[in-house]
Amino acid sequence: MNLTAKVLIAMLLGIFVGLTINVLNVEVFDNSLLADGAVLNEYVVNGFFHIVGKMFVNALKMLVVPLVLFSLICGVCGIGDIKLLGRIGSKCFVLYLFTTAVAIASAIGVAATIGIGKGMNATSDAQFTGKDAPPLSDVLIDIIPSNPIQAMASGEMLSIIFFAILVGISILMVGKKARTLVETIELMNEVMMKMVGLIMSFAPYAVFCLLAKAMANLGFDLFFNLVGYVFVLIGVLLFHMLVTLQAVLAFLGRLNPFVFLAKMRNVQVFAFSTSSSNATIPVTLRTVTERLGVNNSVASFSVPFGATINMDGTAIMQGVATVFIANMYNVELGMSGYLTVILMSVLASIGTAGVPGVGLIMLSMVFAQVGLPLEGIGLILGVDRLLDMVRTAVNVTGDAVVSTVVAKSEGKLEESVFNDSSAGMFDKKETDLSLENEKVIAETVSSTDARE
Ligand code: ASP
């Protein structure tokens with residue numbers, strides 16, 4: 001069985017086990033099953049499932065910074081014409097903003113037409129104190145890291161991208177002399193990609209644990225109160241992922257959306273299980289380059305850039321939530337209010353990284369701007385965990401669509417790879433240790449020792 005099939009089965013099993021625990025806990029055991037100190041809670045759900053899931057997410061995150069750094073330096077060095085870099089960057093930027101704006105506009109359109117939240121009573125005891133998202137001026141200043149090591153240590157994606165591009169350009173300026181350095185970085189990139197494969201081979205177990213835990217802990221009674229919000233949101237999210245983004249791929253890229261979607265399944269499951277576009281970068285990067293045929297010179301830039309600035313799913317949540325809460329509090333936003341929401345959401349997505357739950361922080365920024373009460377966010381807080389999972393899957397799909405379309409427009413897409421359904425499939429042999437390889441490396445090491 002291939003890895004994608006295993007991951008999908010693990011996902012379904014995890015959802016099933018988690019939901020079963022959830023239902024038993026609420027219906028049969030009167031919430032005592034998952035109470036503090038209960039065995040199932042301490043040792044299984046928030047014990048085993050939590051530990052295995054968290055270890056896996058950490059392992060993915062561990063790869064993000066070195067992978068982005070090495071692959072982007074390689075990407076810049078291998079681009080062949082440095083002017084191309086500016087063009088790729090501008091194309092990605094425009095398409096990311098465009099898809100996000102379309103996403104939020106359609107969300108507002110649908111939610112306002114249906115009139116969700118009208119006539120509902122706004123009561124909530126869940127409090128939400130919004131954090132401030134960074135102002136745009138700070139975002140711009142912080143793109144240039146005063147200390148690259150610190151930027152890497154705290155995973156500041158835009159700063160890392162900036163630093164890696166400059167290193168790449170400087171290597172090109174040094175020229176021939178830097179050849180060994182480039183070769184070394186290329187090798188480091190290859191080693192990191194091997195690690196992605198290695199870690200992915202544990203994915204089925206981890207995905208099971210992540211989903212079983214998430215589903216066991218979801219408060220379903222909340223869903224019934226917010227059923228309109230949840231359904232409209234999930235409907236618009238699916239529409240954007242399966243129709244709007246695929247139309248972009250088909251019309252701008254002249255590529256087959258079905259082939260694309262089949263290959264993206266893995267990435268979407270990872271995004272769904274981790275709720276983080278950032279932690280999914282290694283999987284997105286591997287899929288986009290090896291399965292979809294996008295050249296590393298485009299993907300190494302567009303994928304991490306997209307994980308940071310492109311959040312179509314998050315924008316959709318903000319659009320639907322704004323209309324929902326405005327209706328509940330009987331606030332008339334009007335055309336200018338909605339335009340402000342669109343503008344604010346697009347800007348907020350630039351300054352915030354793709355990590356779990358960040359969408360709500362961005363929402364508080366939007367609310368403050370249009371004068372909606374922040375307590376409104378408390379109303380949707382309880383159901384946000386599941387919705388975060390769905391919208392993150394939409395976010396990463398957007399990153400991959402734009403990467404593929406931009407690569408195609410620059411002649412950096414290998415269409416034979418894109419159309420080959422088995423290209424770049426995870427192969428178990430790839431991560432096996434072979435005695436032969438071990439010997440070769442051991443001999444190399446001992447021969448360098450001898451030279452010393
Ligand atoms: N979790 C989302 C992401 O990583 C962001 C959000 O909507 O909260 O893309």
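Indexing begins at 1, ligand by ligand and atom by atom, following the structure's order. Just so it is clear, the structure is predicted and the values come from calculations on it, not from any experiment.
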For [X], counting its heavy atoms only, list the atoms of ligand 1 lying under 4.0 Å from any of them.
| X | result |
| --- | --- |
| Ser275 | 1 (N), 4 (O) |
| Val355 | 1 (N), 2 (C), 4 (O), 5 (C), 8 (O) |
| Ser276 | 4 (O) |
| Gly357 | 8 (O) |
| Val358 | 5 (C), 6 (C), 8 (O) |
| Gly359 | 6 (C), 7 (O), 8 (O) |

Separation of Ile325 CD1 from Ile377 CD1 (nearest 0.5 Å) | 6.5 Å

Measuring from Leu255:CG to Phe260:CZ, what's the distance to the nearest 0.5 Å?
-> 9.5 Å

Asn395 side chain vs Ser277 backbone, donor-acceptor pair below 3.5 Å = no

Counting N and O atoms only, with roles assigned by atom type, does the side chain of Tyr96 sit under 3.5 Å from a partner on the main chain of Ser302, one being a donor and the other an acceptor?
-> yes

Counting heavy atoms under 4.0 Å, the part of Met317 that contacts ligand 1 is neither

If you measure only the distance, is there a donor-acceptor pair under 3.5 Å linking the side chains of Ser275 and Arg385?
-> yes

Residues Asp142 and Ser159: side-chain donor-acceptor under 3.5 angstrom | no

In the protein, what heavy atom is nearest to atom 2 (C) of ligand 1, and what distance, to one decimal place, separates them?
-> Thr392 OG1, 3.3 Å

Residue and atom name of the nearest protein heavy atom (relative to atom 1 (N) of ligand 1), distance in Å to one decimal | Asp388 OD1, 2.8 Å

Does Asn2 reach the side chain of Ser422, with side-chain heavy atoms less than 4.5 Å apart?
-> no

Could you say whether the N/O atoms of Ser277 and ligand 1 ever approach to under 3.5 Å?
-> yes

